[in-house]
Amino acid sequence: MADTVEPRLSRGLRDLLPDQMLARQWMIDTIRGVYELYGFVPLGTPAIEYLDVLRGSAAGAETQQSIFTVQNPEKEQLGLRFDLTVPLARVIAQYRDLPRPFRRYQVSPVWRADKPGPGRFREFTQFDLDSVGVESEIADTEIIAGMCDTLSALRVGGYRVRYSSRGILNTLLAYAGIPAKLGADVFRVLDKLDKVGPQKVRLELTTGYVDSSGDPIAGVGLASEQVDKIERFLQIRSDDRREVVSQLRELFAGVEGADTEVGVVEKISNHLYALGYEDDRVSLDLSIARGLAYYTGPVFEAILLDAPEFGSVFGGGRYDDLVMRFLGEKVPATGASMGVDRLLAALIHLKRAGQQKSTAKVLITNMDAGLHEDYIAMTWELRRAGIPTELYLGSARGPGKQLKYADQWGIPIALLYGSNEKEKEIVTLKDMDAGRQRAEALANRQEWLDERPGQREVPRVDLVAAVRDMLGLIEH
RNA sequence: GCCGGUGUAGCUCAGGGGUAGAGCGCCUGACUGUGGAUCAGGAGGUCAUGGGUUCAAAUCCCAUCGCCGGUACCA
């Protein structure tokens, strides 16, 4: 016996079987609809980029260990993209004649060689939208409004988009007397507030601690009074954005630059009020920091109120310096990124995503080799009428197995046509779902057979109308 | 990285030194023109891998690997 290869996938990778792809495509189509309404344009970039492009300028390469490296025959240093923002920055720098603002969306897989966890994979899909070349806070407003419209279109139930800004956080550093160079560390720790709670955040900001698994966690080394000031800042919590703004002004009175930074989040808030995005959907939440170092202005993220355990499903912010790596010139940019897989998992959890297993609405069964021409004709007749139809091409001869096939793929209507039907110039249409429901009440097979639940005979000439009618009934 | 758990049929798992098990699923038939239920039959396993102990190892011991969970990191 020949050796066979074990069918398997490398860790962190998974297949998307048809039912998962159908749910995902519905979701992506819905989101795309929102952004095309907003006038964003699509962009595609390769999965593979030069490593120095991924890591930033060759000079200041940060160590980025979770990049998958790739080899080409020329032995160049290549890697798989880990997000869609860096390729966007490259495109902006490379195609100087692109009109700006450049407002694009992109839905593509990205790769990270991290340890996989529940709902975390090494290959996953992001849906990104960004406005490049706009300094105005209206661009940030538009991103937040788009996040709201997307979540509404997906019918996720309640959601909350929370935003703050790096400018506010930098003002906090000044207020608390924390050196600016500790900013990135402080923000990274603050970003964990929701997850680990205030006590651990305080420990991590000061001395560090040893976690439950015995792992030491380094502290940032702040003084207790500095953390007190951070906590005073974090105590400003209100569902009313106006209230947060006014308390911020009070707290930061006299701190240099505070008026400007508070002004930015206030303007965003006012635009959103004017557009009908009220406090129940968007809040100014000062605990939002975002872990990434490259944000420079407003930052935002969205959570689902009915599925908070899925965490942030949509997040982003302003990053005015990213394109600088390539151009040496500051290009303002703001955008958001959605974790397609995470949001889809949440939608499935909330039973908001479709349960469809097949695209076909009708299965034409194939019972009599002498009638092939009729089967083919009926199949195309339905297809040309816009009804997704599959002609059974497998080897099973009797209707039993073919109906089982329809059942397994969740095809809602089966069409039966043999010599009986041919003679009477009819077709038999079977509503598979009605039969399934009826089966629950019948214990005896003979009854089940005699009754032929969900079945209807219609004139052959009325095929298309009858199928439409039955689909209408099924989909009410 | 670190800590813990766990690997036995396609899936979920039981068993515990001496013949490899169940449920579900799958296939066949009862029922060659009707899915579900029922009944009867069938296919399917290197008990993760390598080594050790033993007359004998799926079972005990050691190592490795995989998977699961927690934790850290995440531009």
Side-chain angles (χ1 to χ4, degrees), chain A residues 1 6-12 51 53-57 60-67 79 81-86 89 110-120 122 124 184-185 187-189 191-192 195-196 200 204 208-218 290-295 315 319 321-322 325 337 339 363 365-368 371 396-422 428-455 457:
Chain A
M1 198 155 85
E6 189 193 343
R8 66 206 198 281
L9 288 172
S10 170
R11 60 186 312 182
L51 270 184
V53 166
L54 293 174
R55 287 180 172 148
S57 68
E62 307 162 46
T63 37
Q64 281 152 351
Q65 69 282 40
S66 62
I67 298 177
R81 63 173 171 230
F82 52 82
D83 73 7
L84 300 177
T85 311
V86 169
V110 301
W111 294 265
R112 294 185 194 180
D114 293 329
K115 188 189 122 176
R120 295 190 61 176
R122 285 182 164 177
F124 56 100
D185 288 329
F187 303 156
R188 182 174 45 75
V189 176
D191 192 51
K192 294 196 242 178
K195 207 171 150 195
V196 303
K200 284 188 176 172
E204 196 167 344
Y209 65 101
V210 176
D211 78 12
S212 53
S213 68
D215 226 13
I217 295 176
R290 308 288 299 160
L292 302 189
Y294 62 49
Y295 290 122
Y319 51 98
D321 298 332
L322 197 60
R325 290 172 168 182
S337 173
L363 180 76
T365 61
N366 182 343
M367 294 194 296
D368 182 337
L371 298 176
R397 261 170 298 146
K401 289 191 184 131
Q402 300 188 38
L403 289 173
K404 183 168 184 174
Y405 176 82
D407 201 38
Q408 286 174 316
W409 280 110
I411 299 172
I413 295 178
L415 183 151
L416 300 165
Y417 184 80
S419 50
N420 300 347
E421 281 88 353
K422 170 115 181 160
T428 300
L429 294 181
K430 193 173 179 72
D431 174 345
M432 297 298 289
D433 194 45
R436 198 176 302 117
Q437 285 173 16
R438 188 73 188 107
E440 287 165 20
L442 291 175
N444 176 293
R445 179 180 174 80
Q446 202 53 50
E447 262 180 81
W448 153 264
L449 290 184
D450 292 345
E451 183 172 323
R452 306 213 154 155
Q455 225 162 289
E457 295 187 342

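Within every chain, numbering begins at 1; the chains are lettered A, B, ... in the order of the sequence lines, protein sequences first and strands thereafter. Hydrogens, waters and symmetry mates are skipped; everything else that's a heavy atom, side chains included, is used. Predicted model, so just to flag it, every value in this text is computed and none were measured.
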- Query: In the strands shown, is B:C60 matched to any nucleotide by a Watson-Crick or G-U wobble pair with both distances under 3.5 Å, and which?
  - Reply: B:G52
- Note on the structure: Testing B:C74, B:C67, B:G33 for proximity to the side chain of A:Arg11, the answer is B:C67
- Value in whole Å for how far the C1' atom of B:U34 lies from CG of A:Leu415: 13 Å
- Closest nucleotide among B:C74, B:G33, B:C27 to the A:Glu421 side chain: B:G33
- Considering every strand shown, what is the Watson-Crick or G-U wobble mate of B:G4 when both distances are under 3.5 Å? B:C68
- Task: May I ask you to say what A:Thr365 touches in the nucleic acid, namely base, sugar-phosphate or nothing, with a heavy-atom cut-off under 4.0 Å?
- Result: nothing
- Message: Measuring to OP1 and OP2 of B:U32, would you say a side-chain N or O of A:Arg397 lies under 4.0 angstrom away?
- Response: no
- To the nearest Å, how far apart are A:Gln402 CD and B:G33 C1'? 10 Å
- Would A:Gln455 and A:Thr428 satisfy side-chain hydrogen bond (donor to acceptor under 3.5 Å, both in side chains), going step by step from the backbone distance to the final call? CA-CA 7 Å; A:Gln455 225 162 289; A:Thr428 300; 4.9 Å; no
- Item | Nearest heavy-atom neighbours spanning A:Ala406 and A:Leu363 | CB-CD2, 3.8 Å
- Query: Out of curiosity, A:Arg438 CZ to A:Glu451 CD, how far, rounded to the nearest 0.5 Å?
  - Reply: 4.0 Å
- Task: For the pair A:Asp114 and A:Arg120, find out whether any cationic side-chain nitrogen is under 4.0 Å from an anionic carboxylate oxygen.
- Result: yes
- Query: Contact class for A:Asn420 (heavy atom, under 4.0 Å): base, sugar-phosphate, or nothing?
  - Reply: base
- Message: Please determine whether any donor N or O and acceptor N or O are separated by less than 3.5 Å between the side chain of A:Lys430 and the base of B:U34.
- Response: yes
- Task: Give one of base, sugar-phosphate or nothing for A:Arg81, where a contact means two heavy atoms less than 4.0 Å apart.
- Result: nothing
- Query: Quick one: the side chain of A:Arg445 and the base of B:U38, do they pair up donor-acceptor inside 3.5 Å?
  - Reply: no
- Item | Salt bridge present between A:Arg188 and A:Asp185 (N-O < 4.0 angstrom) | yes
- Message: Using only modelled atom types and a 3.5 angstrom limit, is any donor from either the side chain of A:Arg112 or the base of B:C73 paired with an acceptor on the other?
- Response: no
- Item | CG on A:Leu403 to NZ on A:Lys430, rounded to 0.5 Å | 6.0 Å
- Query: Which sits closer to the 5' end of RNA chain B, A:Trp448 or A:Gln408, going by the nucleotide each is nearest to?
  - Reply: A:Gln408
- Query: Roughly, in whole Å, what's the span from CD in A:Gln437 to C1' in B:G36?
  - Reply: 12 Å
- Task: Determine the contact category for A:Gln455: base if any of its heavy atoms lies under 4.0 Å from a base atom, sugar-phosphate if only primed atoms, P, OP1 or OP2 are that close, otherwise nothing.
- Result: base
- Task: Among B:U28, B:G33, B:G35, find the nucleotide with the atom closest to the side chain of A:Met432.
- Result: B:G35
- Shortest side-chain distance from A:Lys401, nucleotide among B:G35, B:U28, B:C73: B:U28
- Message: Once you apply a heavy-atom cut-off of 4.0 Å, does A:Lys115 come out as touching a base, just sugar-phosphate, or nothing?
- Response: base
- For atom CG of A:Asp191 and atom C1' of B:C73, their distance in whole Å: 13 Å
- In Watson-Crick or G-U wobble terms, with both distances under 3.5 Å, the base opposite B:G42 is B:C26
- Message: Under 4.0 Å, heavy atoms only, any strand: does A:Glu451 hit a base, just the sugar-phosphate, or nothing?
- Response: nothing
- Whole-Å distance between B:C73 C1' and A:Phe82 CZ? 15 Å
- Note on the structure: note: A:Leu449, atom CG; B:A30, atom P; distance rounded to Å ~ 13 Å
- Message: Students often get this wrong, so: under 4.0 angstrom with heavy atoms, is A:Gly418 touching a base, only sugar-phosphate, or nothing?
- Response: base
- Task: Give A:Pro116 one of three labels, base, sugar-phosphate or nothing, depending on what nucleic acid heavy atoms sit under 4.0 Å from its own.
- Result: nothing
- Query: When you measure from the side chain of A:Lys192, which nucleotide among B:G35, B:G33, B:A72 comes out closest?
  - Reply: B:A72
- Note on the structure: Of A:Gly12 and A:Tyr294, the one whose nearest nucleotide on RNA chain B sits closer to the 5' end is A:Gly12
- Message: Whole angstroms only, please: what is the CG-C1' distance between A:Leu54 and B:C74?
- Response: 15 Å
- Task: Using Watson-Crick or G-U wobble geometry with both distances below 3.5 Å, tell me the partner of B:G21, or none.
- Result: B:C13
- Query: Any salt bridge between A:Asp433 and A:Arg436, counting N to O under 4.0 Å?
  - Reply: yes
